[in-house]
Amino acid sequence: IKSVRIIIKAAKEVIENTPPELVSDIMHRGIILVGGGSYLRGLAQLVESETKMPVFIADDPLTAVVRGTGIVLENIEELRHTLVPNEDEIPPQ
């Protein structure tokens, strides 16, 4: 399936562009799949095979992103430094 190939390619590109110390953490902790796509039969095994990293499916993957967003919003001031600014917040250069 073309969509699955795109997901695999994107995951590999992210890993290739990630600093080695973070890749080491991912190697130890694994990749966590979230969202409805994580229910695709065999996706976790394919990602694991292609990335050579452990892959897990989140508990309740359909709501994982929403729950995480809620945690960030509840703690926005403490977590603001970890967020990527939107284009409106980036000063012109």
Side-chain angles (χ1 to χ4, degrees):
I1 299 175
K2 184 177 179 181
S3 299
V4 172
R5 285 194 301 264
I6 291 169
I7 292 168
I8 299 297
K9 182 180 178 195
K12 291 168 93 173
E13 286 177 2
V14 167
I15 292 165
E16 289 171 4
N17 293 312
T18 299
E21 61 275 11
L22 294 180
V23 172
S24 175
D25 284 348
I26 297 169
M27 287 293 295
H28 288 93
R29 296 177 185 211
I31 296 170
I32 310 291
L33 299 181
V34 298
S38 64
Y39 286 125
L40 288 172
R41 187 181 1 243
L43 181 63
Q45 293 84 357
L46 183 59
V47 173
E48 188 167 303
S49 171
E50 291 289 325
T51 63
K52 310 293 189 253
M53 295 186 176
V55 176
F56 306 96
I57 297 174
D59 293 333
D60 194 12
L62 290 178
T63 64
V65 174
V66 171
R67 287 183 285 119
T69 302
I71 291 168
V72 170
L73 290 174
E74 288 174 353
N75 301 285
I76 191 76
E77 291 308 317
E78 296 86 21
L79 298 173
R80 186 174 300 279
H81 69 282
T82 65
L83 303 175
V84 177
N86 67 39
E87 292 177 8
D88 295 335
E89 296 175 330
I90 300 173
Q93 296 182 5

- Task: Let me know which of V55, V4, I7 forms a side chain to side chain contact (heavy atoms under 4.5 Å, CB included) with L46.
- Result: V4
- Task: Working to the nearest 0.5 Å, report the span between CG of D25 and CD of E21.
- Result: 8.5 Å
- Task: Specify the closest pair of heavy atoms between L33 and S38, including all atoms of both residues, with the distance to one decimal.
- Result: CB-CB, 3.6 Å
- Going from NZ on K9 to NZ on K2, what distance comes out if it is rounded to the nearest 0.5 angstrom? 10.5 Å
- Would you say S24's side chain and P20's backbone share a donor-acceptor pair under 3.5 angstrom? no
- Message: For a quick test of reading the model, state the closest non-hydrogen atom pair linking A64 to V34 and the distance between them.
- Response: CB-CG1, 3.8 Å
- Item | Atom pair CD/CD of E50 and Q45 - distance to nearest 0.5 Å | 12.5 Å
- Item | Within 6.0 angstrom of R29 CZ, more than 12 heavy atoms from elsewhere | no
- Item | More than 12 heavy atoms from other groups under 6.0 Å of CG on D59 | no
- Query: Applying the 4.5 Å side-chain criterion to the ILVMFWY set and letting contacts propagate, would M53 and F56 be lumped into a single cluster?
  - Reply: no
- Query: When rounded to the nearest 0.5 angstrom, what distance separates CZ in R80 from CD in E77?
  - Reply: 4.5 Å
- Task: State yes or no: do I26 and I8 share one hydrophobic cluster built from I, L, V, M, F, W and Y residues joined by side-chain heavy-atom distances below 4.5 Å, directly or via other members?
- Result: yes
- Message: I need the K12 NZ to K52 NZ distance, nearest 0.5 Å.
- Response: 7.5 Å
- Task: Specify the closest pair of heavy atoms between V72 and L79, including all atoms of both residues, with the distance to one decimal.
- Result: CA-CD1, 3.8 Å
- Query: Do you reckon I32 sits in the same ILVMFWY cluster as V23, going by side-chain contacts under 4.5 Å, direct or chained?
  - Reply: no
- Gap separating the CD1 atom of I31 from the OG1 atom of T51, nearest 0.5 angstrom: 4.0 Å
